[in-house]
Amino acid sequence: MNRQDIIKRHRKFVLDIVHVCDALPKSYSNGVFARQLIRASSSVGANYRAAGRGKSTADFINKLKIVEEEADECSYFLDLILALNRSNTSEVQRLIKESEEILAMTVAAIKTARNNAASNTRTSNMVNRNSEQ
């Protein structure tokens, strides 16, 4: 999956969350959880896009760590909404699965970025040692 596909997937995730939240019965708890869920889901997409503009590998990884936290938070609030509401359960369950998939992809991207950074550091150190000889 390329970067543009992931950005589109995040956008669809946010819009689907908004539709579910808008369809929730009006209550204090649903309102609180829906607002948190919309914030967290929109942060997933925004921080993923920002990661692509990272100024360094460390900056890139930091932005992805935010995506990781926000995707996990989405799962949490979706689970609470599911526990409190018996309508639209299949869509909420689908969104829980989607948030877990986004979380897994993000964790994999972080591991890859860290491994690439470590590999580049090792290669750089080897080049420096060879040039000193």
Side-chain angles (χ1 to χ4, degrees):
M1 186 173 274
N2 69 34
R3 179 173 155 68
Q4 284 309 114
D5 291 337
I6 294 171
I7 288 171
K8 287 178 186 174
R9 188 172 178 174
H10 290 165
R11 183 178 187 275
K12 180 178 178 352
F13 179 64
V14 175
L15 295 175
D16 290 347
I17 293 250
V18 169
H19 292 301
V20 164
C21 289
D22 285 347
L24 289 172
K26 303 302 176 212
S27 72
Y28 178 77
S29 57
N30 279 341
V32 169
F33 296 151
R35 280 188 290 282
Q36 285 295 110
L37 181 54
I38 290 170
R39 284 186 191 109
S41 64
S42 59
S43 180
V44 166
N47 280 292
Y48 182 81
R49 287 175 57 129
R53 292 183 197 79
K55 294 171 182 48
S56 65
T57 301
D59 190 32
F60 175 76
I61 291 170
N62 281 340
K63 297 275 193 269
L64 286 183
K65 291 296 290 175
I66 295 169
V67 173
E68 177 186 8
E69 290 172 15
E70 298 293 343
D72 186 51
E73 194 172 307
C74 288
S75 293
Y76 175 72
F77 285 111
L78 283 163
D79 182 58
L80 290 174
I81 286 170
L82 185 63
L84 290 172
N85 299 277
R86 290 294 155 216
S87 61
N88 219 359
T89 57
S90 62
E91 180 64 2
V92 174
Q93 288 170 336
R94 185 189 69 75
L95 288 170
I96 289 171
K97 184 174 184 261
E98 178 67 3
S99 67
E100 290 169 353
E101 288 177 12
I102 289 170
L103 180 60
M105 288 187 313
T106 304
V107 168
I110 291 167
K111 286 180 182 176
T112 300
R114 283 183 176 152
N115 289 339
N116 289 346
S119 176
N120 289 342
T121 300
R122 283 191 298 273
T123 302
S124 176
N125 287 341
M126 289 173 56
V127 168
N128 288 340
R129 274 188 253 140
N130 288 338
S131 66
E132 291 172 358
Q133 295 176 350

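The closest side-chain heavy-atom distance from V44 to V14 is not below 4.5 Å. Looking only at side-chain heavy atoms (C-beta outward), T106 and I110 come within less than 4.5 Å of each other. Taking the side chain as every heavy atom from C-beta outward, K65 and I61 approach each other to under 4.5 Å.
I7 and L95 fall within a single hydrophobic cluster, where Ile, Leu, Val, Met, Phe, Trp and Tyr are joined by side-chain heavy atoms under 4.5 Å apart, directly or via other members. In terms of hydrophobic clustering, with Ile, Leu, Val, Met, Phe, Trp and Tyr side chains grouped at heavy-atom distances under 4.5 Å, L84 and V20 are assigned to a common cluster. Both V92 and V32 belong to a single network of hydrophobic side chains, linked directly or stepwise wherever heavy atoms of I, L, V, M, F, W or Y lie under 4.5 Å apart.
Here R35 contributes atom CZ and N30 contributes atom CG; the two are 10.0 Å apart, rounded to the nearest 0.5 Å. The structure places CG of L24 at 5.0 Å from CG of N85, a figure rounded to the nearest 0.5 Å. Distance check, rounded to the nearest 0.5 Å: CG of L64 to CD of E68 gives 9.0 Å. Of the inter-residue distances, the one linking F13 atom CZ with E101 atom CD reads 10.5 Å to the nearest 0.5 angstrom. Atoms CG and SG, from N88 and C21 in turn, are 10.5 Å apart once rounded to the nearest 0.5 Å. Put simply, OG on S87 and CD1 on I81 are 10.5 Å apart, with the number rounded to the nearest 0.5 Å.
A donor-acceptor contact shorter than 3.5 Å links the side chain of S42 to the backbone of I38.
Pairing each heavy atom of E70 with each of S43, the nearest pair is CG-OG, 3.3 Å. Nearest heavy-atom pair, V67 versus Y48, reported as atom, atom and distance to 0.1 Å: CG2-N, 3.4 Å. Taking every heavy atom of both residues into account, I17 and S41 meet most closely at CG2-OG, 3.7 Å.
A salt bridge links K63 to D59: one of the charged nitrogens lies within less than 4.0 Å of a carboxylate oxygen.
The stretch residues 80-102 participates, sequence neighbours left out, in no ring-ring contact (aromatic ring centres under 6.0 Å, His included) pair at all. Each side-chain hydrogen bond (donor to acceptor under 3.5 Å, both in side chains) pair with one or both residues in residues 72-84, not counting sequence neighbours, appears once here: S75-S99.
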Practice problem: Go through the steps to decide whether E91 and R94 satisfy the test salt bridge (Lys or Arg N to Asp or Glu O under 4.0 Å), and finish with yes or no. | Solution: CA-CA 5 Å; E91 180 64 2; R94 185 189 69 75; 2.7 Å; yes
Exercise. List the steps and the verdict of side chain to side chain contact (heavy atoms under 4.5 Å, CB included) for M105 and I102.
Key: CA-CA 5 Å; M105 288 187 313; I102 289 170; 4.3 Å; yes
Quiz item: Could you go step by step and tell me if V18 and D22 meet the side chain to side chain contact (heavy atoms under 4.5 Å, CB included) rule?
Solution: CA-CA 6 Å; V18 169; D22 285 347; 3.6 Å; yes
Exercise. Mind running side chain to side chain contact (heavy atoms under 4.5 Å, CB included) on R9 and M1 for me, showing each step along the way?
Key: CA-CA 10 Å; R9 188 172 178 174; M1 186 173 274; 3.6 Å; yes
Exercise. Please test N2 against I6 for side chain to side chain contact (heavy atoms under 4.5 Å, CB included), starting from the C-alpha separation and ending with a verdict.
Key: CA-CA 6 Å; N2 69 34; I6 294 171; over 6 Å; no
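In this structure, F77 and F33 have tilted ring planes: the angle between them lies in the 30° to 60° band.
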